[in-house]
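Positions are given from 1, in the same order as the sequence printed here. Indexing begins at 1, ligand by ligand and atom by atom, following the structure's order.
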Amino acid sequence: MCMYVCIYKLAINMKTLYTGIGHSNSSSNSSNKMALGKSIKMYLTIFIATTCIYMVLYQYHMSRQPLASNDVVKPPLYIITPTYRRPEQLAELTRLGYTLKHVVNLLWLVIEDANKTNPLVAHTLDRIGVPYEYLVAPMPEEYKATKRAKPRGVSNRNRGLDYLRANASEGVLYFADDDNTYDISIFEQMRYIQKVGMWPVGLVTKTGVSSPIIRNGKLDGYYDGWIGGRKYPVDMAGFAVSVKFLHERPHAKMPFKPGYEEDGFLRSLGPLANAEIELLADQCRDILTWHTQTKKNPPASPVNFTRYGQTNLEFIEKLLVRP
Ligand code: UGA
Ligand code: MN
């Protein structure tokens, strides 16, 4: 408003001066010109000063505005993904990564069962563009060597827990295997878990699903194809834990016990009353995560460079993950 008044005054002033010029002699002509120059300078200064004040007031006004709902900072999510070297590895991480890309305020902890990181994995993670930490945690030799079932992804997940104990204070952690399938709405629901949250998982054993049983609005046992004496017969994809609660249980960890990883970890979080377990996915009436499995592919055969030297295959060869 003030700006417009100034411009208006300047216009009037200029009009007066120019009208004056027409009726005057040469000496008053030059003094008129000087007056005009002075006026322009003065009004320009007023104009710039007003603009600056206006900008400062606008900034102040904006800083006092409550954040729009989209800008409200949501509790962080820590997604712990065990992974290991195999032909499917980059495809699995790519698919999961682009799912996670739809989720805000998330840190993806990609932890490989290996002694050193693989630049191909790092390159894939960079390309996806989800904030991540890429760490390694090899399976102990005694388990690697066994002919029996191996505790897959356990050292990786325990490494993820150590990372959170050292680096996180709030939010929620979730173990997302690299080969499973996730509806992104489950991530928005799990953010607000106070202690532990659970929900159904599709495609688990021949029963087809693993789920908490809810009777009269309360947790009343578990539906799963294999109970195996477990207190918590749930799938890895079917629960999440608050970081604050993890801090309250400094000794909680996952055991190297095939089939009992979930049960062992959840027990180690005790004491935990059933009533404290939050039931997500519409009170466990919906399926938002699936325990999918990718067909195993044979390792790629070596490219014959006598035949394909000096072609694009020289580049592609470097992108293949061989066991
Ligand atoms: C099921 C469970 O969902 C797993 O959480 C559990 O660790 C596993 O069984 C088990 O009891 O051994 P499943 O689909 O059968 O999972 O196993 P994978 O998908 O082969 O492995 C689970 C996770 O561990 C994956 O993210 C995978 O990348 C990783 N993994 C697997 C390793 O880090 N190292 C391995 O040698 C194998
Ligand atoms: Mn799997």
So is R157 touching ligand 1 or not, going by heavy atoms under 4.0 Å? yes
For V154, which part has a heavy atom under 4.0 Å from ligand 1: side chain, backbone, both, or neither? neither
Quick check against the 3.5 Å criterion: does T81 have a side-chain atom that pairs as donor or acceptor with the backbone of V110? no
Closest approach of any protein heavy atom to atom 36 (O) of ligand 1, naming residue and atom: D113 OD2, 3.4 Å
Counting heavy atoms only, which part of R152 comes closer than 4.0 Å to ligand 1: side chain, backbone, both or neither? both
Counting only N and O atoms by type, is there a donor-acceptor contact under 3.5 Å from the side chain of T311 to the main-chain atoms of L313? yes
Below 4.0 angstrom from a heavy atom of T83, which ligand 1 atoms are there? Numbered from 1 as shown, please. 28 (O), 33 (O)
Spacing of CG belonging to L288 relative to CD belonging to E188, to within rounding of 0.5 Å: 12.0 Å
For the Mn ion (ligand 2), does an N/O/S atom of D179 lie at less than 2.8 Å? yes
State the atoms of ligand 1, each with its element, that fall below the 4.0 Å cut-off from a heavy-atom position in G259. 11 (O)
I need the nearest protein heavy-atom contact for atom 30 (N) of ligand 1: residue, atom name and distance, please. Y84 CD2, 3.3 Å
What residue and heavy atom of the protein are closest to atom 29 (C) of ligand 1, and at what distance? P82 CB, 3.8 Å
Number the atoms of ligand 1 from 1 as they appear, then name those within less than 4.0 Å of a heavy atom of D178, with their elements. 25 (C), 26 (O), 27 (C), 28 (O)
Taking atom NZ of K101 as the centre, does the number of heavy atoms from other residues, nucleotides or ligands within less than 6.0 Å exceed 12? yes
Taking the side chain as every heavy atom from C-beta outward, state whether L266 and F239 have any atom pair closer than 4.5 Å. yes
Determine yes or no for a side-chain-to-main-chain donor-acceptor pair under 3.5 angstrom, with N156 supplying the side chain and I111 the backbone. yes
Under 3.5 Å, side chain of D113 to main-chain N/O of M139, donor-acceptor pair present? yes
When you measure from atom 16 (O) of ligand 1 to each heavy atom in K144, M236, E262, H291, which option holds the nearest one? H291
Salt bridge (Lys or Arg N to Asp or Glu O under 4.0 Å) partner of D178, chosen from R95, R86, R152: R86
Report the part of K150 (side chain from C-beta onward, or backbone N, CA, C, O) that has a heavy atom under 4.0 Å from ligand 1; answer both or neither where that applies. backbone
Backbone N/O of L272 and side chain of E276: donor-acceptor pair under 3.5 Å: no
Looking only at distances, please establish whether an N/O atom of ligand 1 is found under 3.5 Å from an N/O atom of M139. no
One residue to check: D179. Relative to ligand 1, which of side chain, backbone, both or neither has a non-hydrogen atom less than 4.0 Å away? side chain
Ligand 1 to Q293, heavy atom cutoff 4.0 Å, flagged ligand atoms 14 (O), 15 (O)
Are more than 12 heavy atoms, taken from residues, nucleotides or ligands other than E142, located less than 6.0 Å from that residue's CD atom? yes
Can you report which non-hydrogen protein atom sits closest to atom 22 (C) of ligand 1, along with the distance? D177 OD2, 3.4 Å
Under 4.0 Å, heavy atoms only, figure out whether ligand 1 is touched by the backbone of E261, its side chain, both or neither. side chain
Is it the case that the side chain of Q189 and the backbone of A281 share a donor-acceptor pair, with hydrogens and angles ignored and the cut-off at 3.5 Å? yes
Relative to the heavy atoms of N156, which atoms of ligand 1 are at a distance of less than 4.0 Å? 33 (O)
Which atoms from ligand 1 have a heavy atom of G153 less than 4.0 Å away? 24 (O), 30 (N), 32 (C), 33 (O)
Would you please classify the geometry between the Y182 ring and the F187 ring as parallel, tilted or perpendicular, with 30° and 60° separating the classes? tilted
